[in-house]
Each structure stands twice: as structure tokens, then as C-alpha cells.
Enquirer: 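Could you have a look at this structure, given as C-alpha cells, before my questions?
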Amino acid sequence: MALLLDGQSCSGMIAGVQVLLKTDKQVYCQGETVNGKVMVKGGAHLQKAQQLNLTLQEYWVDIKPENGVFQRRALRKRRDEMTIANHFEIRPHDETAFDFSFRLPENCRLSGQNEGWCLYFQADIPLALDPVMVLHLPVMAVEPINYIIRACEFYLQMELLSSLYIPVNDNNPRGGMQMAYKFRMPTNMSGRLDCIFLLMRQDGCRGVSVIFRKFISDSESCKLFLNDESTDNKTVRYVFTCEELFNSSGMPDLNNIASLVASQIRQNFL
């Protein structure tokens, strides 16, 4: 089954039918459009479905006192929905792809330990328990990390090779959004440095924490940095404050961001 870009995905078997749900990106910003495909491949036998449905859902944990004790309730609310197909026949070994598109609210909830957004796929199969699949969507605030990436690409002409979303887990106890990016350096900044790795964490309203680390070759992946604790390659941490990210008018200062990134690279790696 053909895939899309390097996005989030989940797959499963529904009544003998293989289903793959895939998005076009690994992580989304507030107000962005989530595009993707639902890909269905038939099994050994003909299968029929009354409907194939996909919904965009928001989820969170509500904590309220009841009888002097705080109770936690997991809540989920449908924000948008679409019917992918009606009276659908899935013939043996046939492959069918359905496009979908959902727009996140401009100031929507960000992803966290127990809150965020997901795509909820459900098939209405006659005389059967309706099967479901859930794909979680990492959502981050719209501005700071995106501005750093734009400054690297358009002002410094650094080529983005790969990216990796790092979910909230035991290895990321502080929570928040983390993204790893690998760039190929432009000729005027390369020298002994072929590639640079940036690990970014949005630190609330205080700015963005960035860890710089050099890569020796294009073949090394972002996961190598996360799994390798050796000190062979120098690592530097820099925090972009809000004053450095935005000018006096509150607009993103891409030129200043680019200058600071270039300064850190030249000072520590070249």
C-alpha cells in the first residue's frame, strides 16, 4: 500500500480488511489543516460496510471535587466529522484510498500528557461490533519553533533532511512539545560540518530551548542522537527568549533568529 509523506500513521485489521490511516505531517500547529488518506485493502473474502466514518476529536481530563474527593474523568468531544464512504464493498485484495482534510481551530488545545487531538476511524459493519481505530495528532503552538525552522531554511539556506516528533513519555518527564530536526549545511557554512541536529522544546511563554549537535554524514538519522549518549560530537544548548524571537512590534524576527543560529554554529562547531 502506497504511503504519503513522513507523517503519523496507524494500521489495523477490521473484519479481515487491512486499514492504514496516515497523515501528511508528524506534528501540526494550531490552525493548520490535517490532510491524509485512509487506505483500505481487501482480505481473502468480500466484505461490506454500511459506512466508513472519520472524526476529528478533542480529548482531555476533567478534575472536579465530588463529596470532598477530586474525581478524574476522561472526556472526548467530536469537533468535525466526515463520511468517507456509504454502502462500501471491499473486494478481495482490492486497494482503495480515501482523502480526508480537517482544520484545527486557531487557538486549539495543545498536546500534553492527558490531552490533545485524535482522528477516530469507525466502520459500520452489518451484524458485527463496529470496529474503530484511533490516531493521535501532536499539536503545538503556532509560532516559535516554526519561526526557527523558517529562519534556518530561508535565511541561512539550510536544507531540512528529516524530522522526528518526540512524544511525552517517561524519557520526557517535563512534558511539552519536542521536535528533532536534521539539516544539511549550506556551502558557505559547512567547513568541517556536513549536517547539524537541532532538538527543540517549546518552554511555555519563555521561549524555545534548542540543543545543537553536529552530524558527520547524511546517513545518520535523528534517532541516532536520541539513542547515543557518547560525547564524541560536541553538544551545545541555547535558549531563544521571546525578545530574540519577536521584534518590538510582536512580529517574528527571522533575521535575528537566523543570525543567532549562525552564531551558535560558527562559534561551537566551525
Side-chain angles (χ1 to χ4, degrees), residues 7-12 14 19-38 50-84 98 100-125 128-147 163-180 199-209 242 245:
Q8 298 286 338
S9 66
C10 68
S11 61
I14 293 179
V19 178
L20 176 64
L21 178 61
K22 191 166 181 68
T23 61
D24 61 335
K25 296 174 62 175
Q26 283 201 350
V27 63
Y28 293 91
C29 293
Q30 294 168 311
E32 279 195 322
T33 299
V34 180
N35 297 305
K37 288 183 182 292
V38 177
Q50 293 281 52
Q51 279 190 339
L52 301 180
N53 299 307
L54 188 65
T55 60
L56 174 67
Q57 298 190 2
E58 179 183 10
Y59 63 92
W60 67 97
V61 173
D62 186 44
I63 303 178
K64 288 185 178 180
E66 290 185 14
N67 301 322
V69 179
F70 282 95
Q71 302 290 336
R72 296 168 58 91
R73 292 190 305 156
L75 301 178
R76 188 182 298 270
K77 188 166 184 177
R78 183 179 302 177
R79 295 300 186 185
D80 202 352
E81 61 183 319
M82 65 180 295
T83 298
I84 296 174
F98 302 94
F100 66 81
S101 181
F102 291 111
R103 184 172 177 82
L104 294 166
E106 293 293 337
N107 192 29
C108 69
R109 182 187 303 272
L110 303 181
S111 296
Q113 186 75 49
N114 295 300
E115 60 182 359
W117 296 80
C118 67
L119 295 173
Y120 190 88
F121 174 81
Q122 186 173 28
D124 182 1
I125 307 293
L129 181 65
D130 292 341
V132 299
M133 287 172 51
V134 179
L135 176 60
H136 293 275
L137 300 173
V139 178
M140 62 184 288
V142 69
E143 295 97 350
I145 292 180
N146 260 9
Y147 294 151
S163 62
L164 179 68
Y165 165 68
I166 305 167
V168 177
N169 53 36
D170 293 339
N171 296 322
N172 180 15
R174 291 178 54 198
M177 299 296 299
Q178 280 196 124
M179 287 292 295
L199 174 63
M200 302 194 200
R201 178 199 293 274
Q202 185 168 326
D203 192 8
C205 61
R206 289 172 288 186
V208 176
S209 172
C242 290
L245 293 168

Enquirer: Who are the side-chain hydrogen bond (donor to acceptor under 3.5 Å, both in side chains) partners of Ser11, not counting sequence neighbours?
Expert: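 In terms of side-chain hydrogen bond (donor to acceptor under 3.5 Å, both in side chains), with neighbours along the sequence ignored, Ser11 is linked to no residue.
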Enquirer: Only counting residues at least two apart or in another chain, list the ones meeting side-chain hydrogen bond (donor to acceptor under 3.5 Å, both in side chains) with Ser9.
Expert: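 Applying side-chain hydrogen bond (donor to acceptor under 3.5 Å, both in side chains) to Ser9 gives none.
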Enquirer: Search all heavy atoms of Asn35 against all heavy atoms of Tyr28 and return the closest pair with its distance.
Expert: O-OH, 3.8 Å
Enquirer: Taking only residues two or more places apart in sequence or in another chain, which ones pass side-chain contact (heavy atoms from CB on, under 4.5 Å) with Gln50?
Expert: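 Scan of Gln50 (side-chain contact (heavy atoms from CB on, under 4.5 Å), adjacent residues dropped) gives His87, Asp124, Pro126.
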Enquirer: Distance check, rounded to the nearest 0.5 Å: Thr55 atom OG1 versus Arg79 atom CZ?
Expert: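 It comes to 12.0 Å.
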Enquirer: I'd like to check the side-chain hydrogen bond (donor to acceptor under 3.5 Å, both in side chains) partners of Arg109; sequence neighbours left out, ordered by chain and number.
Expert: Glu58, Glu115
Enquirer: Could you work out, with salt bridge (Lys or Arg N to Asp or Glu O under 4.0 Å) as the rule, every residue matching Arg72, not counting sequence neighbours?
Expert: none
Enquirer: Using the side chain to side chain contact (heavy atoms under 4.5 Å, CB included) rule, take Glu81 and Tyr120 through it: C-alpha gap first, then chi angles, then the decisive distance, then the call.
Expert: CA-CA 9 Å; Glu81 61 183 319; Tyr120 190 88; over 6 Å; no
Enquirer: Are the side chains of Leu119 and Phe100 in contact, using a 4.5 Å heavy-atom criterion?
Expert: yes
Enquirer: So, for Leu21 and Phe121, which heavy atoms are closest and what is the spacing to 0.1 Å?
Expert: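 Looking at all heavy atoms of both residues, the shortest contact is CD2-CB, 4.4 Å.
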Enquirer: With rounding to the nearest 0.5 Å, note down the distance linking NZ in Lys25 to OG1 in Thr33.
Expert: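 It is 9.5 Å, given to the nearest 0.5 Å.
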Enquirer: Determine, stepwise, if the pair Phe102 / Leu54 fulfils side chain to side chain contact (heavy atoms under 4.5 Å, CB included).
Expert: CA-CA 10 Å; Phe102 291 111; Leu54 188 65; 3.7 Å; yes
Enquirer: Which heavy atom in Ser101 sits nearest to a heavy atom in Met82, and how many Å separate them?
Expert: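 Looking at all heavy atoms of both residues, the closest pair is N-SD, 4.3 Å.
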Enquirer: Any side-chain heavy-atom pair from Leu135 and Thr23 closer than 4.5 angstrom?
Expert: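 The answer is yes, as the side chains (C-beta and beyond) meet within the 4.5 Å cut-off.
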Enquirer: Between CD of Glu32 and CG of Asn146, what distance do you get to the nearest 0.5 Å?
Expert: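 Interatomic distance, Glu32 CD to Asn146 CG, rounded to 0.5 Å: 6.5 Å.
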Enquirer: What's the spacing between Arg201 CZ and Ser209 OG if we round to 0.5 Å?
Expert: 7.0 Å
Enquirer: Are Leu104 and Leu56 side-chain neighbours, meaning at least one heavy-atom pair lies under 4.5 Å?
Expert: yes
Enquirer: Can you sort out the partners of Tyr59 under ring-ring contact (aromatic ring centres under 6.0 Å, His included), two or more places apart, ordered by chain and number?
Expert: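 Checked Tyr59 against ring-ring contact (aromatic ring centres under 6.0 Å, His included); matches are His136.
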